[in-house]
Amino acid sequence: MRAYARRFGEDEELWGIVALLHDFDWEMHPTLDEHPQDGAPILREEGYPDEVIEAILSHAEHLSLPRDTQLKKALFACDELSGFVHACGLVRPDGIETLAPKSVRKKLKQPSFAAGVHREDVYKGAEELGIDLDEHIAFVIDALRPIAPELGLRTAADVVAS
Ligand SMILES: [Fe+2]
């Protein structure tokens with residue numbers, strides 16, 4: 001989300017905060033009749049601006065809220081895909097270092113792989129953002145690569161060491 005904020009000339013801090021907080025209430029509200037709508041009043045009480053709260057609410061498909069800003073579109077587009085790219089990296093010897101969109105696409109077609117990731121949200125997210133799926137996947141991989149070790153992913157250096 002920070003990378004997309006930079007790309008679109010938007011507020012990187014704000015976009016980063018939205019990404020960080022979008023599932024903040026999941027442990028408290030682990031079902032869709034509570035998440036994320038019951039988290040919103042907590043954020044409001046904490047003084048978060050409407051822009052942040054509305055973006056967080058809009059990532060929930062079941063609320064059917066319009067994704068009418070770049071921030072909302074980017075959040076929805078990155079949510080499932082970043083988790084999926086992470087999962088792809090976990091099963092590769094060099095993590096996401098040499099991961100290409102083509103192999104991510106291939107894995108998306110295997111329903112048993114990272115089965116919790118909603119494929120239709122991945123496709124819909126790129127479409128709503130108006131970015132070609134391959135380009136979007138490549139962008140997310142590039143954005144995550146510098147922080148791969150923090151995400152618990154191996155790197156090319158680990159391959160050399162093993
Ligand atoms: Fe969520």
Side-chain angles (χ1 to χ4, degrees), residues 1-8 10-91 95-96 99 101 104-105 107-131 133 135-148 150-153:
M1 283 296 282
R2 285 181 168 276
Y4 265 128
R6 283 195 296 274
R7 173 170 169 165
F8 297 142
E10 298 278 355
D11 185 338
E12 190 178 333
E13 273 313 302
L14 184 97
W15 284 39
I17 284 166
V18 166
L20 206 57
L21 289 178
H22 82 285
D23 271 343
F24 89 96
D25 69 329
W26 184 249
E27 286 178 358
M28 220 183 294
H29 306 135
T31 56
L32 294 181
D33 60 328
E34 296 181 316
H35 166 80
Q37 56 274 28
D38 290 356
I42 301 171
L43 293 176
R44 211 161 279 131
E45 211 165 282
E46 292 290 326
Y48 284 97
D50 287 345
E51 192 183 4
V52 168
I53 297 167
E54 280 168 22
I56 289 173
L57 286 170
S58 77
H59 90 273
E61 275 289 78
H62 64 281
L63 298 179
S64 302
L65 295 167
R67 280 186 282 269
D68 49 8
T69 64
Q70 283 293 86
L71 172 59
K72 292 176 185 177
K73 289 174 190 173
L75 179 66
F76 183 70
C78 292
D79 189 5
E80 294 293 275
L81 183 60
S82 53
F84 193 79
V85 163
H86 184 254
C88 290
L90 288 174
V91 296
I96 57 172
L99 179 64
V104 175
R105 265 181 188 274
K107 286 254 188 293
L108 281 169
K109 291 192 186 125
Q110 297 171 14
S112 60
F113 181 80
V117 172
H118 297 107
R119 270 49 174 184
E120 63 277 24
D121 290 0
V122 172
Y123 301 123
K124 192 179 174 187
E127 209 179 298
E128 285 184 3
L129 193 59
I131 296 182
L133 183 60
E135 192 189 336
H136 178 45
I137 294 170
F139 190 86
V140 168
I141 296 169
D142 285 346
L144 296 180
R145 207 174 272 126
I147 57 162
E150 292 165 69
L151 299 174
L153 295 171

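Computed from a predicted model, the values in this text were never measured in an experiment. Note that ligands are numbered from 1 as they come in the structure, with each ligand's atoms numbered from 1 the same way.
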- Query: What pairs with Lys72 under salt bridge (Lys or Arg N to Asp or Glu O under 4.0 Å), at least two apart in sequence or on another chain?
  - Reply: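 Checked Lys72 against salt bridge (Lys or Arg N to Asp or Glu O under 4.0 Å); matches are Asp68.
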
- With the Fe ion (ligand 1) at the centre, find the angle made by NE2 from His35 and NE2 from His59, to 10°.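 That angle is 100°.
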
- Using a cut-off of strictly less than 2.8 Å, determine whether His22 has an N/O/S atom near the Fe ion (ligand 1).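 Under 2.8 Å: His22 has no N, O or S contact with the Fe ion (ligand 1).
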
Would you call [X] and [Y] a salt bridge, taking side-chain N to carboxylate O under 4.0 Å as the test?
X: Glu12; Y: Arg2; answer: yes
X: Arg7; Y: Glu135; answer: yes
X: Lys124; Y: Asp121; answer: no

- Item | Heteroatom of Asp23 nearest to the Fe ion (ligand 1) (N, O or S, atom name) |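 The Asp23 atom nearest to the Fe ion (ligand 1), restricting to N, O or S, is OD1.
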
